[in-house]
Amino acid sequence: MVESEDITIEELSTENTREDVKGMVRKLSENEWEIPVEHIPNMRVPGRLFVSESLLEGIEPGTIDQIANVSTLPGIQKYSMAMPDAHLGYGFAIGGVAAFDVEEGIISPGGVGFDINCGVRLIRTNLQKEEVVPNIKRLTDELFSNVPAGVGSKSRLRASDKELDSAFLEGARWAVEAGYGVEADFEHCEANGYMEGADPSQVSTKARNRGKPQLGTLGSGNHFLEVQYVDKIYDQEIASTFGLQEGQVTVMVHCGSRGAGHQICTDHLKELSQAVKNYKIEIPDKQLACAPAQSKEAQNYFKAMLCAANYAWANRQIITHWTRESFEKVFGRDADDLGMDLLYDVAHNVAKLEKHIVDGRKKEVYVHRKGATRAFPSGHPEVPAVYRDVGQPVLIPGSMGTPSFILCGSEESMNISFGSACHGAGRVMSRAHAKKEFRGQSIKENLEARGITVRATHPSVIAEEAPDVYKSSSKVVNVVHELGIARKVAKVLPLGVTKG
DNA sequence: ATGTTC
């Protein structure tokens with residue numbers, strides 16, 4: 001068992017050996033591994049890891065322990081899961097999915113993560129690669145100057161308290177009404193770009209003060225704004241429904257709720273660390289702080305989490321608007337003429353109340369997805385009408401200089417993963433290690449030699465995000481494709497990327 | 001991920 005309090009993630013990951021991990025799991029199929037209930041005391045259900053044998057070798061033993069730890073929480077359904085990109089996180093593994101009964105279960109901030117509603121959106125264009133390549137440096141510069149990036153970066157938008165409340169309550173819908181986009185944008189977001197039930201009175205002044213100047217900023221770390229082109233189509237029919245074809249230029253935005261979400265998570269973790277004692281819930285790791293789903297403490301967290309989720313959707317919407325303006329300036333045509341429609345926007349760090357079939361019966365569960373993307377199949381009422389015949393788009397970002405993937409939610413997701421798929425390529429090297437190993441300037445030169453323009457706030461950002469510090473996104477995506485959770489539709493490659 | 005250790 002891992003008691004991860006006071007232990008840094010890097011310390012845990014140094015214990016990694018492949019033999020340790022193989023001894024902890026039992027093979028169920030090519031891509032499914034069980035962590036038996038004997039792994040640690042008090043597991044209520046087994047753990048299940050969706051991973052290929054080759055990716056299993058890169059999973060830290062601590063990640064297996066974290067999956068097992070989650071299975072001890074009250075009301076957990078079926079099994080505690082992790083996707084092929086799983087790695088160590090705060091309490092719950094990143095790549096983790098867990099569903100808890102609406103009455104008997106719990107809600108836990110650790111199951112959502114600090115960057116609440118970190119997510120990805122993809123904007124189509126009708127430009128071809130050949131039209132963009134000659135302009136890529138100017139375009140990337142324009143995007144870098146129009147969309148503030150970096151730790152603590154401040155937005156060009158000076159949000160008032162009233163506007164912040166609107167972002168908390170109405171997410172992307174508010175941003176569109178405020179002039180940052182068109183109606184079709186929020187209609188092409190998961191949950192229409194905002195979830196009901198947010199309550200700004202559950203957001204501290206500190207979280208508000210951090211969030212206000214950052215509404216409309218990219219942030220840092222693995223977040224990015226990237227100009228790409230479609231390199232390969234795997235499924236012609238679904239690609240056509242998604243409006244994608246080979247050679248077409250797309251734009252991907254990967255970011256979240258910035259300091260607001262981080263502070264909301266921090267604030268409510270404090271409350272829930274007390275609550276877990278008051279309700280006498282036994283947890284194997286203090287980072288699994290939680291409360292009964294219907295308790296005041298859990299619901300207060302959930303209402304604040306919804307504010308951060310909506311803020312993140314508003315944030316990505318505002319960035320989309322400035323992205324369109326940047327293209328308009330460089331190409332001298334308006335965004336509508338450039339065909340800059342939003343394909344879709346997905347959340348990969350959020351908890352949601354959903355209906356799922358468990359043991360043959362439909363029931364309501366709080367599905368926690370932390371570094372996992374919803375992947376609802378065709379016919380699901382929550383999939384936008386334009387995609388309902390094929391399934392929802394599942395957007396999987398790569399790391400800097402590596403491919404990203406567009407998939408389509410598929411039937412097996414509802415049978416085996418509570419409607420979830422992976423979210424990207426997990427790190428294999430710490431930021432500190434990466435900074436020692438790589439020099440930003442030479443990574444940048446290598447990328448430019450491959451035709452990829454990079455603009456970052458500092459060379460160290462490029463070193464920390466070097467392509468080699470991440471797992472292969474292709475291998476991760478192949479696992480969910482083979483399992484039938486989400487089907488591969490297209491691969492996109494980077495042309496220009498901005499990073500904080 | 002994060003005013004990268006309130």
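Throughout, protein chains are lettered first and strands after them, A, B, ... in sequence-line order, and every chain is numbered starting at 1.
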Just list the side-chain donor-acceptor pairs under 3.5 Å for residues 460-467 of chain A, sequence neighbours left out, or say none.
residue: A:Ser460; atom: OG; partner: A:His458; partner atom: ND1; Å: 2.9
residue: A:Glu464; atom: OE1; partner: A:Arg431; partner atom: NH1; Å: 3.1
residue: A:Glu464; atom: OE2; partner: A:Lys435; partner atom: NZ; Å: 3.1
residue: A:Glu465; atom: OE1; partner: A:Tyr470; partner atom: OH; Å: 2.9
residue: A:Glu465; atom: OE2; partner: A:Arg427; partner atom: NH1; Å: 3.3
residue: A:Glu465; atom: OE2; partner: A:Arg431; partner atom: NH1; Å: 2.9
residue: A:Glu465; atom: OE2; partner: A:Arg431; partner atom: NH2; Å: 3.0
residue: A:Glu465; atom: OE2; partner: A:Tyr470; partner atom: OH; Å: 3.3

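Nucleic acid contact class of A:Lys370 (heavy atoms, under 4.0 Å, all strands): none. Counting any heavy atom pair closer than 4.0 Å across all strands shown, A:Gln214 reaches sugar-phosphate atoms only and no base atom. Note on A:Gly256: nothing from the nucleic acid sits closer than 4.0 angstrom, heavy atoms only.
A:Lys499 has its NZ atom 19 Å from the P atom of B:dT4, to the nearest Å. Rounded to an integer number of Å, the gap from CD of A:Glu465 to C1' of B:dT2 is 14 Å. B:dT5 atom P lies 12 Å from atom CZ of A:Phe114, rounded to whole Å. Taking atom CZ of residue A:Arg431 and atom P of nucleotide B:dT5, one finds them 12 Å apart after rounding to whole Å. Here B:dC6 presents its P atom at 9 Å from NE2 of A:His262, a figure rounded to the nearest Å. For A:Asn209 and B:dT2, the CG to C1' distance is 16 Å, given to the nearest whole Å. In this structure, A:Tyr90 places its OH atom 17 Å from P of B:dT4, rounding to the nearest Å. As rounded to whole Å, 10 Å separates atom C1' of B:dC6 from atom CD of A:Gln263.
Because its NZ or CZ atom is both nearer than 6.0 Å to the ring centre of A:Phe418 and within 45° of the ring axis, A:Lys78 counts as a cation-pi partner of that residue. Relative to the ring axis of A:Trp33, A:Arg48 does not place its NZ or CZ within 45° and under 6.0 Å from the centre.
Taking the side-chain hydrogen bond (donor to acceptor under 3.5 Å, both in side chains) definition, one finds that A:Glu297 meets it with A:Tyr279, sequence neighbours left out.
Side-chain proximity of A:His223 to the nucleotides B:dC6, B:dT4, B:dT2 is greatest for B:dT2. Considering only side-chain atoms of A:Ser220, the nucleotide from B:dT4, B:dT2, B:dC6 that sits closest is B:dT2.
Contact check for A:Lys488 versus A:Asn478: side-chain heavy atoms found under the 4.5 Å cut-off.
Within the 4.0 Å cut-off from OP1 or OP2 of B:dT2, at least one side-chain nitrogen or oxygen of A:Arg258 is found.
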